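This structure is a prediction, so every number in the text was calculated from the model and none was measured.
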Amino acid sequence: MVASKKSKKAMESINSRLALVMKSGKFTIGYRSTLKSIRQGKSKLIIIANNTPALRKSEIEYYCMLAKVGVHHYSGNNIDLGTACGKYFRVGALCITDPGDSDIIRSMPTSAE
């Protein structure tokens, strides 16, 4: 029970930081636009839903490894990620290009794992 409470608290902090990025920062939603922004070198952090297909997930991780961009695996599915972004549709991949007022880049683990 303690672990689930801790993970729920972490999820809430991610969601609140994500809401702040949606309000004050710049981002792209979707698999193809995420790959484009990684290739262009604009991306700072990538967030992937946990039910993204394995091939897509590994391709995004590979691009991020080459571009030295941090990847965060969101603990919810694509419906939860869309809701956290304040959208009424599913979001499989999200690329943050400018965090705005949020400290989401510093708080998330970077690709130096």
D98: salt bridge (charged side-chain N to carboxylate O under 4.0 Å, His left out) partners, not counting sequence neighbours: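 With sequence neighbours excluded, D98 shows a salt bridge (charged side-chain N to carboxylate O under 4.0 Å, His left out) to no residue whatsoever.
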Return yes if some donor-acceptor pair links the side-chain N/O of [X] with the main-chain N/O of [Y] below 3.5 Å, else return no.
X	Y	value
S102	P99	no
S16	S13	yes
T52	G92	yes

How long is the span from the [atom1] atom in [X] to the [atom2] atom in [Y], to the nearest 0.5 Å?
X	Y	atom1	atom2	answer
I29	C85	CD1	SG	5.0 Å
N15	M22	CG	CE	10.5 Å
T28	K36	OG1	NZ	10.0 Å
N78	L94	CG	CG	12.5 Å
R56	R32	CZ	CZ	9.5 Å
H72	S107	NE2	OG	8.5 Å

Determine the minimum heavy-atom distance between F27 and T97, stating which atoms define it.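 Result for this residue pair: N-OG1, 3.8 Å.
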So, for L35 and I60, which heavy atoms are closest and what is the spacing to 0.1 Å?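 For L35 versus I60, the nearest heavy atoms are CD2-CG1, 4.1 Å.
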So if you build clusters from Ile, Leu, Val, Met, Phe, Trp, Tyr with side-chain heavy-atom gaps below 4.5 Å, do L55 and I38 land together?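 No, L55 and I38 fall in different hydrophobic clusters.
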Compile the donor-acceptor pairs under 3.5 Å between side chains in residues 42-50 and protein atoms, sequence neighbours left out, one pair per line.
unit_1 : atom_1 : unit_2 : atom_2 : d
K42    : NZ     : Q40    : OE1    : 3.3
N50    : OD1    : N77    : N      : 3.4
N50    : ND2    : S75    : O      : 3.0

Steps toward side-chain contact (heavy atoms from CB on, under 4.5 Å) verdict (T34, Y63): CA-CA 10 Å; T34 297; Y63 272 93; over 6 Å; no
Heavy-atom check, side chain of E61 versus side chain of H73, under 4.5 Å: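 Yes; the side chains approach each other to less than 4.5 Å.
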side-chain contact (heavy atoms from CB on, under 4.5 Å) for V21 and I96? Distances and angles first, verdict last. CA-CA 8 Å; V21 169; I96 298 172; 4.0 Å; yes
Give a yes-or-no answer on whether the side chains of Y74 and N51 include a donor-acceptor pair shorter than 3.5 Å. no
For E59, check side-chain hydrogen bond (donor to acceptor under 3.5 Å, both in side chains) against everything at least two apart and list the hits.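 Applying side-chain hydrogen bond (donor to acceptor under 3.5 Å, both in side chains) to E59 gives Y31.
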